[in-house]
Amino acid sequence: MSTPTPPPTPAKKDESRQATHFIRQIIDRDLAEQRYDVVATRFPPEPNGYLHIGHAKSICLNFGLAESYGGRCHLRFDDTNPTKEEQEYVDSIQSDVRWLGFDWGEHLYFASDYFQQMYDFAVKLIKDGKAYVDSLSKEELREHRGSLTEPGRESPYRSRSVEENLDLFERMRKGEFADGEHVLRAKIDMASPNMLMRDPLLYRIVNASHHRTGDAWCIYPMYDYAHCLEDAIEHISHSICTLEFENNRELYDWVLENVGYTEPRPHQHEFARLNLDYTVMSKRKLLTLVKEGHVSGWDDPRMPTIAGLRRRGYTPEAIRAFADMIGVAKTNSVVDIGKLEYCVRDDLNHRAPRVMAVLNPLKVTLTNYPLDLSEKLDASYWPHDVPKEGSRPVPFARTIYIERDDFAEVPPKGWHRLTVGGEVRLRYGYVIRCYDVVKDAAGEIVELRCSYDPATRGGASPDGRKVKGTIHWVAAPQAVRAEVRLYDRLFTVPAPDAAEGDFKDNLNPESLVVVEALVEPSLGSAQAGAHYQFERQGYFVADIVDHTPERPVFNRVVTLKDSWTRKTAGPAVDAATARREAKAKKDQGRPRPTKLSPAQLRAKAREADPQLAAAFARFQTEHGLSEDDADVLTGDTALAAFYEAAAEGHAPEPVAKWVTNVLLAEVKDRPVSDLPFDGAAFARLIELADAGTVSTPGAKAVLEVMLKDGGEPADIVKARGLEAVTDDGALQRLVDDALAANPDNVARYKEGKTALLGFFVGQVIRASGGSADPTRVKALVKATLDA
RNA sequence: UGGGGCGUCGUCAAGUGGUAAGACACGGGAUUUUGGUUCCCGCAUUCGCAGGUUCGAAUCCUGCCGCCCCAACCA
């Protein structure tokens, strides 16, 4: 034997990769600005169901962030609704998070532990006149809330005195009222365009026993009131949640500010939740599957729950790799379930020993094998490319079983397996040849009669003969019977929750197929939870619940990638398309308010203000501006005035372009009236650029300075040395340097990659500190390159 | 009186005025006693569409289009 192949060096893969996503950028910024001393995140599940793979994404994000920034991550149960929450869920959640490989240390918290503090804050809000007890019925409340397009109406109880509110709220707490009789609301704004700000409910009466606080409380805080307080009480720095809470952020901030929290305080950031195709992810739907018995429980191996994936045989490492792979962003997306499968294969490949198991047995008799011979063949647990040691003896016999699929009477083109008159190698065994097929009365093949070649023991080919196929097998006398559960995706369509009708209509009837398999004897001693690769078939795990030495039970985690049968792959509608189509159907006829565009807003402003309307007309007739430019410049008075001042005594057209394209981009939402310079100064800057005294990028640099400190453009140009460099000699030297520094790109340019021209121009302009005149640089670069 | 978000390859996803990263999937080849693994190679002249600004635009401006979220005493 030569030296064992060294393990592949992971260096290449690991060196650069610290995924930087928008949340990391926010944290980096906050840390740089010293807003927080430590990064503190939290994973805040409500204990009303089992965790699923979507939660795993959030767990990996929150705990991963804390770990990588040397901070902490809390596990906090958001248990503010006693009617839905149970201790069973509290326990399962903790065990799932731990199984995934994360540790909250001493930071285990419950929202219910803060009920008194939250109550006290509510009293403060009442005393400050910022909260009131409302006594409207549920229906009245809804009516008063208005709609997406109409403002709400204030409740008649909104003006109750502080004393009355205090009294009522205390009596609510004491249990003097029935469910729904009163609520505590924040006094914000019933006309807010954000529905959540229309005097949101803070507390409701729920006469129910809580799984932790028992009957100590009969009023419970609402999510929007409670969650931000939980974060603040725990000194969370970055409160990360999913996109559907974007609208809640305004209320999150309102509550914290109005109960008196000041910076540094927690801030909420939202990312896109995970969607996977061919499954459902909502707790409600998962609960339905469990309750109606479509699956065996929360830990059914077909469920996307952590418990289900664990039982299926997924590893924490695979799930974490998956979380890394899919990234963190704000785009609503649906991830291909193939990525999850890739991750578990990739992980199991190097940790699952190879064994042989026949799922659908076909009897084979080796008619020239001595009747009295009994031998054991040595079979490695690992393929040549997994750097691990270990093997087991596998008994061989005159009668063996092979996979029914590995024989074909009429083989398709490209068949590598057994056929009549053909040869195939038995893995670690012998080369055999089939010469006869035995069928029963129904025409079903019941046995193959083959000969074996004694010279090929161990699968060798001493005569150099080419044997294309190698198949797995088990010796009949020693074969062990095992239950094998073949799992497949739970649904037959990529977006089951979007399709028409009930999502359960799309359940895959073949998501579980149980077979009685014959496995090699070494599997008789398999331990529950142990992973194996059944060669050529897939990865399997000894079921952690049902597997026993007497009755082995294996779950299929995932099949092997199969480039032979794959060519029959179906058309595959992608999930996003399916969802979209279904949604379009659902939405038909439902009135939706349409958002006013900026153009409409500007038109409205002009309608309301005759001065603006006049300016709009004047800019077109007197200044000769296009309707578009005139429109943009007359959305508000300040901008119109700024432009008009700048245009005074200058050519209007370039001024309009500079204002709309350059200035607007820089000031964003800041009103131009706040600028530390006026239109006239801006006009002088444009003149400098027009005259070629400064280049365009140079002028933008000047504008940066003016935006910050004001000042006279010409002075800034002089002070910063921003005069345009137009001296060809100096420019040529810079060009030569840039070309010399990038020989590869010069070569690629000459091969036809002309897009690189911009690259070289950029290099030269950068080298000049932004003062080189781009037009000249471009000409020089091109001439030099083409020479 | 509506508001808040999002559109970059089949699927995820970098990119923040100067060469459209990477991964999965897919196609081809090499190695292979697993039709597995591994290794090479290929795979967006273009970033929802259209105008504009700029020497140069996925990135800036304008318009249009599409998608998601909000009217629970759920979270």
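Protein chains get the first letters and strands the later ones, always in sequence-line order, with residue 1 at the start of each. Since the model is a prediction, treat every value here as computed from it, not as a measurement. Atoms considered below: every heavy atom in the structure, side chains included; atoms not considered: hydrogens, waters and symmetry mates.
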- Query: Using centres under 5.5 Å plus planes under 30 degrees as the test, is A:F759 stacked with B:rG18?
  - Reply: no

- Give a yes/no on whether any side-chain N or O of A:R273 is located under 4.0 angstrom from OP1 or OP2 of B:rG5. no

- When you check the phosphate oxygens OP1 and OP2 of B:rC24, does a side-chain N or O of A:Y342 lie under 4.0 Å from one of them? yes

- Between A:H182 and A:E246, just flag the one whose closest nucleotide in RNA chain B comes earlier from the 5' side. A:E246

- Message: Quick check on salt bridge (charged side-chain N to carboxylate O under 4.0 Å, His left out): which of A:R465, A:K468, A:K466 does A:E423 satisfy it with?
- Response: A:R465

- Grab the NE2-P distance between A:H269 and B:rG5 for me, whole Å please. 14 Å

- Item | Minimum-distance nucleotide to A:K561 side chain [options: B:rG2, B:rA23, B:rC26] | B:rC26

- Message: Without decimals, in angstroms, what is the distance between A:E535 CD and B:rU32 C1'?
- Response: 12 Å

- Using the P atom in both, what is the distance from B:rU16 to B:rG29, to the nearest Å? 38 Å

- Message: Measuring from the side chain of A:K138 (C-beta onward, heavy atoms only), which nucleotide among B:rC73, B:rA23, B:rU11 has the closest atom?
- Response: B:rC73

- Can you figure out which of B:rG5, B:rU62, B:rG2 approaches the side chain of A:R249 most closely? B:rG5

- Item | N/O (side chain, A:R536) to phosphate O (OP1/OP2, B:rG35) under 4.0 Å | yes

- Give the minimum heavy-atom separation between A:I188 and A:P200, together with the two atoms involved. CD1-CD, 3.7 Å

- Query: With a 4.5 Å heavy-atom cut-off, do A:E270 and A:T242 have their side chains touching?
  - Reply: no

- When rounded to the nearest Å, what value does the distance between P atoms of B:rU34 and B:rA30 take? 16 Å

- Query: Between B:rA72, B:rA20, B:rG4, which one does the side chain of A:R145 approach most closely?
  - Reply: B:rA72

- Message: Side chains of A:H144 and A:D199, heavy atoms from C-beta outward: is any pair under 4.5 Å?
- Response: no

- Message: Between B:rG10 and B:rG48, how many Å separate the two P atoms, rounded to a whole number?
- Response: 13 Å

- Query: Would one find a side-chain N or O of A:S333 under 4.0 angstrom from OP1 or OP2 of B:rA13?
  - Reply: yes

- Message: Could you tell me the Watson-Crick or G-U partner of B:rA30, where both distances fall under 3.5 Å? Say none if there is no partner.
- Response: B:rU38

- Item | Interatomic distance, A:H21 NE2 vs B:rC6 C1' [rounded to whole Å] | 18 Å

- Query: If you look only at pairs with a residue in residues 134-152 of chain A, which of them pass as a salt bridge (Lys or Arg N to Asp or Glu O under 4.0 Å), with sequence neighbours excluded?
  - Reply: A:D134-A:R185

- Query: With a 3.5 Å cut-off and just heavy-atom distances, do the side chain of A:R417 and the base of B:rG35 make a donor-acceptor pair?
  - Reply: yes

- Task: Sticking with atom P, work out how far B:rU53 lies from B:rC12, rounded to a whole angstrom.
- Result: 35 Å

- Item | Main-chain N/O of A:S112 paired with A:D79 side-chain donor or acceptor, under 3.5 Å | yes

- Query: Say you pick atom P in B:rC69 and the same atom in B:rC64; how far apart are they, in whole Å?
  - Reply: 23 Å

- Test for a donor-acceptor pair under 3.5 Å between the base of B:rU34 and the side chain of A:Q537, counting only N and O atoms. no

- Task: Would you mind classifying the nucleic acid contact of A:W382 as base, sugar-phosphate or nothing, using non-hydrogen atoms under 4.0 angstrom?
- Result: nothing

- Message: Whole angstroms only, please: what is the CG-C1' distance between A:L196 and B:rC74?
- Response: 13 Å

- Query: When the aromatic ring centroids of A:Y203 and A:F169 are compared, is their separation below 6.0 Å?
  - Reply: yes

- Item | Phosphate contact (B:rG63 OP1 or OP2) by A:R602 side-chain N/O below 4.0 Å | yes

- Item | Options B:rC74, B:rG15, B:rA71, nucleotide nearest the side-chain atoms of A:R142 | B:rA71

- Query: Hey, is the side chain of A:N332 pairing donor to acceptor with the base of B:rC6 inside 3.5 Å?
  - Reply: no

- Task: Specify the separation, in whole Å, of atom OH of A:Y223 and atom C1' of B:rC74.
- Result: 11 Å

- Polar side-chain atom of A:R204 near backbone of A:P221 as donor-acceptor pair, under 3.5 Å: yes

- P-based separation of B:rG42 from B:rG52 [nearest Å]: 37 Å

- Nearest to the side chain of A:T331 - B:rU38, B:rC74, B:rC6? B:rC6

- Under 5.5 Å and under 30°: A:H416 stacked on B:rG35: yes

- Note on the structure: By the Watson-Crick or G-U definition, both distances under 3.5 Å, B:rA44 is matched with none

- Query: How are the rings of A:F534 and A:F540 set relative to one another: parallel (under 30°), tilted (30 to 60°) or perpendicular (over 60°)?
  - Reply: parallel

Listed pairs, N/O of protein and of nucleotides 51-57 of chain B, under 3.5 Å:
from, atom 1, to, atom 2, distance (Å)
B:rG52, N2, A:N661, OD1, 2.9
B:rU53, O4', A:N661, ND2, 3.1
B:rC55, O2', A:K778, NZ, 2.4

- Is B:rA58 in the syn or the anti form, by the rule that syn lies within 90° of 0? anti

- Item | Atom pair distance, as rounded to whole Å: CG in A:L243 and C1' in B:rC68 | 8 Å

- Message: What's the gap between B:rA21 and B:rC6 when it is taken at their P atoms, as a whole Å value?
- Response: 24 Å

- Message: Counting the benzene-type ring for Trp, do A:Y223 and A:F245 have ring centres under 6.0 Å apart?
- Response: yes

- Query: If only side-chain N and O atoms of A:Q25 are considered, is one of them under 4.0 Å from the OP1 or OP2 phosphate oxygen of B:rG15?
  - Reply: yes

- Item | Result of checking A:D405, A:D406, A:D562 against A:R536 for salt bridge (charged side-chain N to carboxylate O under 4.0 Å, His left out) | A:D406

- Message: Taking the minimum atom-to-atom distance to the side chain of A:R204, which one of B:rC74, B:rU38, B:rG4 wins?
- Response: B:rC74

- Message: Roughly how many Å apart are B:rG56 and B:rA23, using the P atom of each and rounding to a whole number?
- Response: 34 Å

- Message: Both distances below 3.5 Å, Watson-Crick or wobble geometry, any strand: find the nucleotide opposite B:rC49.
- Response: B:rG63

- Item | Residue mapping more 5' on RNA chain B - nearest nucleotide basis, A:P45 or A:G469 | A:G469

- Distance test, side-chain N/O of A:R345 to OP1/OP2 of B:rC24, below 4.0 Å: no

